[in-house]
Amino acid sequence: MPELPEVETVKRGLNKLIIGRKITSVKSDNPKSFPNSQVDVRSFIINAKITCVRRRAKVLLIDLSTNYTLVIHLKMTGQLVFVTKANRFGAGHPNDSLIGLLPDKSTRVTFDFGDGSYLFFNDQRKFGWVRLVPTPEVPNIDFMKKVGPEPLDDDFTALQFAERFKRRSRTTIKAAILDQTVIAGVGNIYADESLWGAKIHPAKIVGDLSFSKFKHLFNEVRYVMNLSIEKGGSTNRNYVNAEGKKGSYMDFARVFRQEGLPCPRCGTEIIKIKVASRGTHICPKCQRL
DNA sequence: CACTTGACCTGTCCGC
DNA sequence: TGCGGACAGGTCAAGT
């Protein structure tokens with residue numbers, strides 16, 4: 001799933017739904033999804049209250065009153081869905097929501113709030129994970145030390161953005177923008193969308209791009225991510241928000257999964273190619289090597 | 001160090 | 001219908 005806008009959408013939903021709730025039990029049947037959950041970790045979770053839900057890059061951080069934090073990566077197909085007693089048994093859940101159907105066979109971890117409500121961590125492909133870390137240690141875990149700046153931070157500038165790419169000057173712009181140590185939170189959807197916006201071919205070598213191109217790309221990354229957050233993220237396949245509902249950014253996508261359709265800018269047919277081993281969507285006229 | 005590729009999993013879709 | 005292969009929103013550990 002989930003790139004920055006999707007994780008941000010889940011974060012906002014959870015902040016409305018689970019703050020102050022107490023976890024009365026936790027269950028996981030897949031050790032990969034929640035390592036050590038059977039033993040060491042339980043006493044820091046049971047009877048803990050949720051105090052805050054945060055996001056860094058594509059990682060969700062659920063702070064607990066025990067001064068521990070649930071660190072969660074959704075990877076490709078992870079979902080975090082909150083369900084209450086009332087909607088769990090299907091009191092007219094909308095068609096675009098999973099809520100009445102959970103748990104299902106993709107449910108890997110279940111947090112029980114003891115009042116008939118639950119938080120389900122679902123993950124079809126089992127790439128995602130939940131880990132428990134002491135809250136003060138969160139900034140010290142490997143991922144947090146290596147990850148690049150947040151593209152939507154107010155004080156992040158186009159100049160800083162361009163500087164970050166110097167470490168990847170001999171690779172393609174697509175590979176570089178997907179590198180989480182360069183910039184946080186960009187994945188395959190928003191890479192393609194922002195490169196189209198800036199009229200940059202994804203296979204262009206980083207070192208050959210002018211500052212004015214970086215500046216344009218910087219603005220496009222912020223534009224597509226802000227638009228996507230406003231639309232509740234992209235549901236390409238599995239993604240849903242904390243209420244089990246899909247996002248609508250794909251209705252506004254200009255190139256991602258639009259192959260065969262006309263480019264919204266020039267009408268040329270959008271094509272799909274492979275760059276950096278990833279499916280990549282471009283307008284062959286607007287984006288030249 | 002910088003870069004590329006395969007591996008991790010399950011499910012779906014497409015061509016034969 | 002069935003089967004094999006390619007592919008899917010993301011990172012890692014290897015290899016060069």
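A quick note: this is a predicted structure, and the numbers were derived from the prediction, not measured. All chains are named by letter (A, B, ...) in the order of the sequence lines, taking the proteins before the strands, and each is independently numbered beginning at 1.
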- Query: With centres under 5.5 Å and planes under 30°, do A/Phe127 and B/dC9 count as stacked?
  - Reply: no

- Message: Just the rounded figure in Å: distance from P of C/dG9 to CD of A/Gln79.
- Response: 16 Å

- Message: Just by distance, no angles: are the side chains of A/Asp115 and A/Ser117 close enough, under 3.5 Å, to form a donor-acceptor pair?
- Response: yes

- Of the nucleotides B/dT4, C/dT11, B/dC9, which one has an atom closest to the side chain of A/Arg125? B/dC9

- Message: Which nucleotide wins on minimum distance to the side chain of A/Lys75, given the candidates B/dG11, B/dT4, C/dG10?
- Response: C/dG10

- Query: Counting side-chain heavy atoms from C-beta on, which of C/dG9, C/dG10, B/dT4 comes nearest to A/His73?
  - Reply: C/dG10

- Note on the structure: Quick note, A/Arg168 side chain, CB onward, closest among B/dC3, B/dC9, B/dG11 is B/dC3

- Message: Taking atom NZ as the centre, does A/Lys231 end up with more than 12 heavy-atom neighbours from other residues, nucleotides or ligands that are less than 6.0 angstrom away?
- Response: yes

- Query: Regarding A/Asn122 and A/Arg108, is there a side-chain donor-to-acceptor distance under 3.5 Å anywhere?
  - Reply: no

- Message: Rounded to whole Å, how long is the line connecting atom NZ of A/Lys32 with atom P of B/dC8?
- Response: 9 Å

- Task: Would you indicate, yes or no, if B/dT10 has its OP1 or OP2 atom less than 4.0 angstrom from a side-chain nitrogen or oxygen of A/Lys126?
- Result: yes

- Task: State whether A/Lys105 places a side-chain N or O below 4.0 Å from either non-bridging phosphate oxygen (OP1 or OP2) of B/dG11.
- Result: yes

- Item | Closest nucleotide among C/dG9, C/dC7, B/dG11 to the A/Gln124 side chain | B/dG11

- Which one, B/dC3, B/dA2, C/dT11, comes nearest to the side chain of A/Arg167? B/dA2

- Task: Kindly say whether, by distance alone, the side chain of A/Asn188 makes a donor-acceptor pair under 3.5 Å with the base of C/dG10?
- Result: no

- Item | Any strand: nucleotide that pairs with C/dG9 via Watson-Crick or wobble, under 3.5 Å | none

- Message: Does the structure show a Watson-Crick or G-U wobble partner for B/dC9, both distances under 3.5 Å? Name it, or say none.
- Response: none

